[in-house]
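Read the structure below first, then the notes.
When reading the values below, keep in mind they use all heavy atoms of this one structure, side chains included, and skip hydrogens, waters and symmetry mates. Protein chains get the first letters and strands the later ones, always in sequence-line order, with residue 1 at the start of each.
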Amino acid sequence: MSEQIQDLQLEHSKYITDLGDWTRTCSCSHLTAEDVGRDVCLMGWVQFRRDHGGLIFVDLRDREGLTQVVFSPDVAPEAHEQAGILRLEYVIAIKGRVRTRPEGMANPNLKTGEIEVVVHDWKLLNTSKTPPFAIEDRCDAGENLRLAWRFLDLRRPCMQKNLILRHRAMQAIRRFLDEDGFLEVETPFLTKSTPEGARDFLVPSRLNQGSFYALPQSPQLFKQLLMCSGFEKYFQIVRCFRDEDLRADRQPEFTQVDMELSFVNEEDVMSMAERLMQRVFKDVLGRELQLPFPRMTWDEAMRDYGVDKPDTRFGMKLVELTDAVRNSGFKLFAQAPMVKAIKVEGGESLTRKEIDAYTEFVRIYGAQGLAWIKIKSDTEWQSPIAKFLSEEERETIRTRLEAKTGDILFFQAGDPEMVNAALGNLRVHIAQKLNLIPADSFNFLWVTEFPLFEYDKEEHRYVACHHPFTSPMEGHMELMTSDPAHAKARAYDMVLNGNEVGGGSIRIHSAATQMRMFEALGFSDERAEEQFGFLFHALEFGAPPHGGIAFGLDRLIMLLAGCQSIRDVIAFPKTQKATCLLTSAPSQVSQAQLRELGIRLREAPEKKAEARADKPQA
RNA sequence: GGAACGGUAGUUAAGACGGUUAUAACGCCGGCCUGUCACGCCGGAGGCCGAGGGUUCGAGUCCCUUCCGUUCCGCCA
């Protein structure tokens with residue numbers, strides 16, 4: 001079969017010609033009734049072909065849209081006859097005249113549906129093999145196929161729309177920041193590895209064998225140096241690299257809108273960031289955002305939502321019950337470090353199967369189970385646990401959760417980290433399942449007063465929550481060493497519909513404080529000097545107070561475009577195993593290349609493959 | 001490092017307890033058709049059921065291993 005098709009394509013390819021002196025006069029989306037009578041030249045791809053024997057209709061597609069062109073034996077017999085060879089995705093140029101469609105033949109679904117172009121002459125600019133999937137929005141090809149044929153996938157109008165939207169957002173950002181006095185400065189991609197934070201992508205140095213560059217996780221240090229250099233307002237739309245596992249909203253290389261400002265405090269940065277978002281939403285979606293955005297401290301976020309990036313488009317807040325059940329006869333509750341609950345209004349109708357599914361869901365976060373109470377009436381509570389609760393406890397639960405007949409309550413008891421994660425994520429999960437999230441709403445939120453440190457159980461030490469250059473809040477300097485768990489940072493995250501879209505902080509600009517921070521993180525003087533000496537020295541020479549923020553551009557565009565994955569707003573994304581199905585990167589390199597770099601693999605790749613195949617079979 | 005789901009014509013899917021020649025839709029190829037627009041009608045081709053091994057008289061179906069994709073946990077200063 002494929003031979004047959006290739007023969008066909010080969011045969012057709014004989015008719016391919018160059019543009020010659022033909023010039024495109026307009027795109028495939030612009031012609032309307034006002035253009036009737038105009039002679040035009042369109043170029044594009046064959047989207048659909050409807051051959052009626054007599055008339056041949058072709059929907060011609062370019063990046064802007066579709067126009068129906070008609071090959072008629074009455075108008076141009078030769079052009080009509082030759083049009084028989086047209087197939088999907090053939091590239092053609094047509095010259096013809098715009099005319100209104102016959103009475104009742106307009107297509108209201110098409111922007112250009114009132115008119116058509118009747119072809120006088122046309123050229124075959126290229127043939128195409130039959131694409132492996134339909135080049136249409138409604139195409140339901142699997143993502144692996146789409147990624148392997150990404151250049152075809154990107155022809156689909158929805159993908160074009162996403163990348164056009166991305167472009168518009170980037171231009172809006174550049175315009176705003178330029179007008180606001182920011183300077184765009186590029187920083188190195190080949191830079192120094194710093195073990196704090198994410199895993200680095202390493203690049204071997206040929207001229208310095210045994211040494212490696214790292215690709216930047218972010219331009220953090222360079223932008224602070226630029227502040228020390230006196231540029232005052234910097235920005236960059238820049239690729240960042242982190243060698244960590246992928247998610248729907250995480251790629252190994254991703255784009256940040258990175259900004260840094262001198263002589264500012266939190267208010268200045270947050271206000272600027274809000275106005276930037278306002279501009280982007282105005283220019284890209286034509287939507288007005290109300291400023292300022294609501295704010296919430298990290299403590300409040302964890303208390304009410306269990307997560308540091310609350311989705312505020314719906315309620316169902318977490319309610320604290322730890323104190324109320326401290327002396328409960330129900331030992332599981334009484335002994336738990338934390339007990340919290342959420343209420344699903346009208347959730348009494350949930351089936352056992354649905355509740356079981358939610359129980360499975362919270363197990364992901366380490367929960368042992370999921371206690372629930374269905375409020376059948378004021379007095380009748382259907383629940384596996386209600387019988388363990390005293391009347392007083394019931395009353396507290398009823399009051400705090402404002403429980404009414406027809407509701408269901410879900411409880412979680414245990415370590416605060418687990419309770420918050422389980423209920424916080426269950427809250428969002430249920431809201432999605434039950435369609436409680438209003439469509440087409442954008443809820444921005446600032447989360448502030450983040451902890452300065454978090455305890456790393458593996459390394460048995462405190463590590464920076466944001467990064468080690470974040471300034472502690474006023475009055476929290478002493479806590480850095482005396483009580484690191486309670487030290488708070490001058491850090492802020494911008495949250496949009498439950499997604500972290502940006503984060504930043506006021507930085508440490510005093511060398512003494514920076515040194516203290518390294519002490520708190522358990523760095524020796526030597527190690528601090530070796531790894532961050534250049535920043536430290538810059539702080540010693542008149543560093544201005546400064547702070548900044550960085551936005552995850554891919555996530556922001558994903559939300560603007562209404563997509564579920566950032567892969568849909570990145571032209572050439574990687575799979576979850578960080579491979580590129582189009583180019584087959586990463587790939588093996590020659591021994592000669594490795595030798596030049598002074599690198600020898602511990603195990604030859606072929607041997608590894610063999611080892612896999614040799615594994616004993618059951 | 002871990003968990004879950006998926007892989008069957010070009011594509012998307014169906015395939016009851018393991019049992020005839022593995023279905024359907026779309027796409028593709030050929031024919032017909034002068035107003036279609038997801039055109040219509042008639043005909044046709046198209047399959048190593050991801051790969052390897054096992055159980056069995058017999059495997060798309062059961063078991064094991066492995067590869068690929070997706071989602072999530074860990075991880076992501």
What is the distance, rounded to the nearest whole Å, between atom NZ of A/Lys129 and atom P of B/C29? 14 Å
Of A/Ser565 and A/Ala198, the one whose nearest nucleotide on RNA chain B sits closer to the 5' end is A/Ser565
B/A16: syn or anti, with syn meaning chi within 90° of zero? syn
By the 4.0 Å heavy-atom rule, please label A/Pro131 as base, sugar-phosphate, or nothing. nothing
With a non-hydrogen cut-off below 4.0 angstrom, is A/Glu459 in contact with a base, only sugar-phosphate, or nothing? nothing
A/Ala248 side-chain proximity, nearest of B/U71, B/U34, B/C75: B/U71
Using the six-membered base ring of B/U36, report whether A/Phe57 stacks on it, requiring centroids under 5.5 Å and planes under 30° apart. yes
Does B/C68 have its OP1 or OP2 closer than 4.0 Å to a side-chain nitrogen or oxygen of A/Lys577? yes
Say you pick atom C1' in B/C75 and the same atom in B/G6; how far apart are they, in whole Å? 25 Å
So what does A/Pro102 hit on the nucleic acid, given a heavy-atom distance under 4.0 Å: a base, only sugar-phosphate, or nothing? base
Between A/Ala141 and A/Gly197, whichever has its closest RNA chain B nucleotide further toward 5' is A/Ala141
Separation of B/U36 atom C1' from A/Leu60 atom CG, nearest Å, is 16 Å
Would the base of B/G2 count as contacting A/Arg363 through its side chain, where contact means a donor and an acceptor less than 3.5 Å apart? no
Side chain of A/Gln68: nearest nucleotide among B/U70, B/C37, B/U11? B/C37
Over how many whole Å does the gap from A/Leu581 atom CG to B/G7 atom C1' extend? 14 Å
Candidate nucleotides B/C76, B/U36, B/C73, ranked by approach to the side chain of A/Ile364 - the nearest: B/C73
Between A/Phe518 and A/Phe536 (judged by ring centroids, cut-off 6.0 Å), do the two rings come close enough to count as a pair? no
For A/Asp74, report the nucleic acid contact type (base, sugar-phosphate, nothing); a contact means any heavy atom under 4.0 Å. base
What interatomic distance, in whole Å, is found between P of B/U71 and the corresponding atom of B/U34? 50 Å
Atom pair CZ (A/Arg239) and CD (A/Gln251), whose distance is rounded to the nearest 0.5 Å: 10.0 Å
I want to verify the glycosidic state of B/C17; is it syn or anti under the 90° rule? syn
I want to verify a distance call: between B/G35, B/U70, B/C75, whose nearest atom is closest to the A/Arg101 side chain? B/G35
Under 4.0 angstrom, heavy atoms only, what part of the nucleic acid is A/Asp245 near: base, sugar-phosphate, or nothing? base
Mind checking if A/Glu360 touches a base, just sugar-phosphate, or nothing, with heavy atoms under 4.0 Å? nothing
Taking any heavy-atom pair under 4.0 Å as a contact, classify A/Asp51: base, sugar-phosphate, or nothing. base
When all nucleic acid strands are considered with a 4.0 Å heavy-atom cut-off, which category describes A/Leu145: base, sugar-phosphate, or nothing? sugar-phosphate
Reckon A/Thr575 has a side-chain N or O less than 4.0 Å from the OP1 or OP2 of B/G69? yes
Base, sugar-phosphate, or nothing: which does A/Thr470 touch, judged by heavy atoms less than 4.0 Å apart? nothing
Over-ring placement of A/Arg527 relative to A/Phe523, 6.0 Å and 45° cut-offs: yes
What nucleic acid atoms does A/Cys139 come within less than 4.0 Å of, heavy atoms only: base, sugar-phosphate, or nothing? nothing
Rounding to the closest angstrom, what is the interatomic distance between B/U55 and B/C63 at atom C1'? 7 Å
Expressed in whole Å, how much space separates the C1' atoms belonging to B/C68 and B/U8? 16 Å
B/U36 base stacked by A/His52 (centroids within less than 5.5 Å, tilt under 30°): no
Between A/Arg87 and B/C29, does any side-chain N or O lie under 4.0 Å from OP1 or OP2? yes
A/Leu8 has a side chain; which of B/C29, B/C37, B/C72 sits nearest to it? B/C29
Going by purine N1 to pyrimidine N3 plus the second Watson-Crick contact, or the G-U wobble pair, all under 3.5 Å, which nucleotide sits opposite B/U65? B/A51
Given 3.5 Å as the limit, does a donor-acceptor pair link the side chain of A/Asn162 with the main chain of A/Asp568, or not? yes
Which part of the nucleic acid does A/Arg567 contact within heavy-atom distance under 4.0 Å: base, sugar-phosphate only, or nothing? sugar-phosphate
Using a heavy-atom cut-off of under 4.0 Å over every strand shown, decide if A/Leu88 touches base, sugar-phosphate, or nothing. sugar-phosphate
Regarding the side chain of A/Asp140, the nearest nucleotide among B/U34, B/U11, B/C76 is B/U11
A/Gln256 and A/Ser218: side-chain donor and acceptor closer than 3.5 Å? no
Is the phosphate of B/C29 approached by A/Thr130 (side-chain N or O, under 4.0 Å from OP1 or OP2)? no
Classify the side chain of A/Arg250 versus the base of B/C76 as yes if they form a donor-acceptor pair under 3.5 Å and no if they do not. yes
Could you tell me how far apart A/Glu143 (CD) and B/U12 (C1') are, to the nearest whole angstrom? 16 Å
Does A/Glu458 contact B/G74 through a side-chain donor or acceptor facing the base, at a distance under 3.5 Å? no
Can you tell me the Watson-Crick or wobble partner of B/G18, both distances under 3.5 angstrom? none
Any strand counts, and the cut-off is 3.5 Å on both contacts for Watson-Crick or G-U wobble. Which nucleotide pairs with B/C28? B/G44
Closest of B/G27, B/A38, B/G10 to the A/Phe48 side chain is B/A38
Taking only the P atom of each, what is the distance from B/C49 to B/A9 in whole angstrom? 9 Å
Would you indicate, yes or no, if B/C39 has its OP1 or OP2 atom less than 4.0 angstrom from a side-chain nitrogen or oxygen of A/Arg50? yes
Describe the nucleic acid contact of A/Ala106 in one word from base, sugar-phosphate, nothing, applying a heavy-atom distance below 4.0 Å. base
Heavy-atom side-chain contact between A/Pro586 and A/Thr579 under 4.5 Å: yes
For a quick check of understanding: with a heavy-atom distance under 4.0 Å over all strands, which category does A/Arg138 fall into, base, sugar-phosphate or nothing? base
My understanding is that only one of A/Arg461, A/Lys488, A/Met517 makes a side-chain contact (heavy atoms from CB on, under 4.5 Å) with A/Phe453; could you say which? A/Met517
Qualifying side-chain hydrogen bond (donor to acceptor under 3.5 Å, both in side chains) pairs, either residue in residues 416-430 of chain A, two or more places apart: A/Lys340-A/Asn420
Pick one: which of A/Gln236, A/Gln224, A/Arg507 meets side-chain hydrogen bond (donor to acceptor under 3.5 Å, both in side chains) with A/Glu260? A/Arg507
Say you pick atom C1' in B/G44 and the same atom in B/C37; how far apart are they, in whole Å? 26 Å
Picking from A/Arg50, A/Gln47, A/Arg49, what satisfies side-chain hydrogen bond (donor to acceptor under 3.5 Å, both in side chains) with A/Asp59? A/Arg50
Separation of the P atoms in B/G15 and B/A3, to the nearest angstrom: 27 Å
Atom C1', compared across B/A51 and B/A13: separation rounded to whole Å: 22 Å
What integer distance in Å separates A/Glu136:CD from B/U12:C1'? 13 Å
